[in-house]
Amino acid sequence: MRKSNPIFYSFLTTPLGEAIIGWQNELIAAFVLPQPTSEKAFELLQSYHLPQHDSFKLETKLPWPAFFDKINAYFSGEKIGFTEPVIFDQFPDYTRQILNIVKNIPWGEVKTYQEIAQLSSRKKAYRAVGQALHRNPIPLIIPCHRVVAKSSLGGFGYGLEWKLRLLTLEKFHL
DNA sequence: TACACCACGCGAT
DNA sequence: ATCGCGTGGTGTA
């Protein structure tokens, strides 16, 4: 099923490349991690983050005035927490539950997939936790990079280099 | 329904 | 280090 109400989006030029923030009714719906080109970033927004949407509108003014500065501060290593409201109502109950739990993991902390499952209504569904995070359309704001496997890094949709880079920014060392 | 797919965890090689 | 299996939510048909 496809949704017709438009997603507004804006490019964020960061030292690491072109990122995109996407929103709807002032709720964050997507975040594309910095890419080499804005075309590449938009392609990811459409095909990877929000494949169920078919309408996107470029909008230069963000609903949250401080957001751009916070993103750049985060990427320069500052301890930044993102509290902007998010939306991910396209997912089933359990996936939404997992995303809500992970949204609240603070900067600099990590948890395992198993720990997240134990915080949820399905104590042994740690595999489903990984599956839910794999579909996270709002990485960084919903900090799925802070969820790791018990004895390894686990996975990351953007590639493990990105997960390692984000964790390193937050002072983790391998 | 049924079936395959997984960003897991664990115990046995 | 690698393998096999249990596991449970989700997507697809």
Side-chain angles (χ1 to χ4, degrees), chain A residues 1-5 7 14 16-22 24 27-36 40-56 71 74-75 77 80-84 86-174:
Chain A
M1 109 173 35
R2 306 189 55 96
K3 297 194 173 182
S4 54
N5 28 341
I7 295 286
T14 78
L16 295 179
E18 294 291 316
I20 291 181
I21 177 74
Q24 190 173 47
L27 306 170
I28 298 181
F31 185 78
V32 183
L33 290 169
Q35 300 298 313
K40 175 74 176 172
F42 185 67
E43 170 63 22
L44 281 173
L45 175 69
Q46 278 191 121
S47 61
Y48 181 68
H49 294 251
L50 298 174
Q52 73 277 24
H53 283 274
D54 53 15
S55 173
F56 297 87
I71 289 293
Y74 175 86
F75 281 123
I80 297 291
F82 294 101
T83 53
E84 289 77 5
V86 295
I87 184 171
F88 38 77
D89 63 353
Q90 68 269 46
F91 296 116
D93 288 349
Y94 192 71
T95 298
R96 294 204 309 269
Q97 191 185 343
I98 295 310
L99 293 177
N100 274 319
I101 293 171
V102 171
K103 172 95 163 56
N104 292 320
I105 304 178
W107 188 99
E109 263 185 42
V110 296
K111 289 193 180 301
T112 65
Y113 297 99
Q114 189 172 57
E115 286 171 327
I116 298 299
Q118 283 164 355
L119 289 172
S120 80
S121 59
R122 294 280 178 259
K123 312 298 176 202
K124 289 189 284 193
Y126 35 77
R127 269 190 108 158
V129 171
Q131 210 180 184
L133 296 185
H134 185 46
R135 300 199 183 97
N136 176 18
I138 324 176
L140 197 58
I141 317 303
I142 296 177
C144 57
H145 61 282
R146 295 178 191 144
V147 184
V148 298
K150 202 164 191 176
S151 50
S152 78
L153 261 192
F156 202 64
Y158 275 81
L160 277 181
E161 325 78 54
W162 260 110
K163 190 170 193 170
L164 198 52
R165 179 177 302 146
L166 296 175
L167 288 174
T168 302
L169 271 177
E170 301 184 17
K171 318 298 186 228
F172 282 90
H173 306 286
L174 191 68

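Naming: A, B, ... by sequence-line order, numbering from 1 per chain.
- Under the salt bridge (Lys or Arg N to Asp or Glu O under 4.0 Å) criterion, A:R146 pairs with A:E170, not counting sequence neighbours.
- Here the shortest heavy-atom pairing between A:K150 and A:T112 reads CA-CG2, 4.1 Å.
- Here NE2 of A:H49 is found 8.5 Å from CD1 of A:I20. Values are rounded to the nearest 0.5 Å.
- Ring geometry, A:F156 versus A:Y158: the interplanar angle falls from 30° to 60°, so the pair is classed tilted.
- Residues passing the ring-ring contact (aromatic ring centres under 6.0 Å, His included) test with A:F75, sequence neighbours excluded: none.
- Residues of residues 101-130 of chain A having a heavy atom closer than 4.0 Å to DNA chain B, listed by number: A:Y113, A:Q114, A:Y126, A:R127, A:G130.
- Of all non-hydrogen atoms in A:K123 and A:S120, the two that sit nearest each other are NZ-O, 2.8 Å.
- When every heavy atom of A:K171 is checked against every heavy atom of A:G77, the shortest pair comes out as NZ-O, 3.5 Å.
- Between the side chain of A:K163 and the backbone N or O of A:G155, at least one donor-acceptor pair lies under 3.5 Å.
- Ring geometry for A:Y74 versus A:F82: interplanar angle of 30 to 60°, hence tilted.
- Contact record, A:L16 with A:R165: CD1-CD, 4.3 Å, taken as the closest heavy-atom pair.
- Atoms CD and CZ, from A:E84 and A:F31 in turn, are 10.5 Å apart once rounded to the nearest 0.5 Å.
- Note that the first and last nucleotides of DNA chain B, 5' to 3', having any atom under 4.0 angstrom from a heavy atom of chain A are B:dC5 to B:dC10.
- Within the nucleic acid shown, A:S151 has no heavy atom closer than 4.0 Å to any nucleic acid atom.
- Put simply, chain A comes within 4.0 Å of DNA chain C, heavy atom to any atom, from C:dG6 to C:dG11, going 5' to 3'.
- In this structure, A:A149 and A:Y113 approach most closely via the heavy-atom pair N-CE1, 3.4 Å.
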Revision key, fill the gap. Under the rule of Watson-Crick or G-U wobble with both distances under 3.5 Å, where | means paired to another strand and [ ] a crossing pair, DNA chain C maps to ||||||.||||||
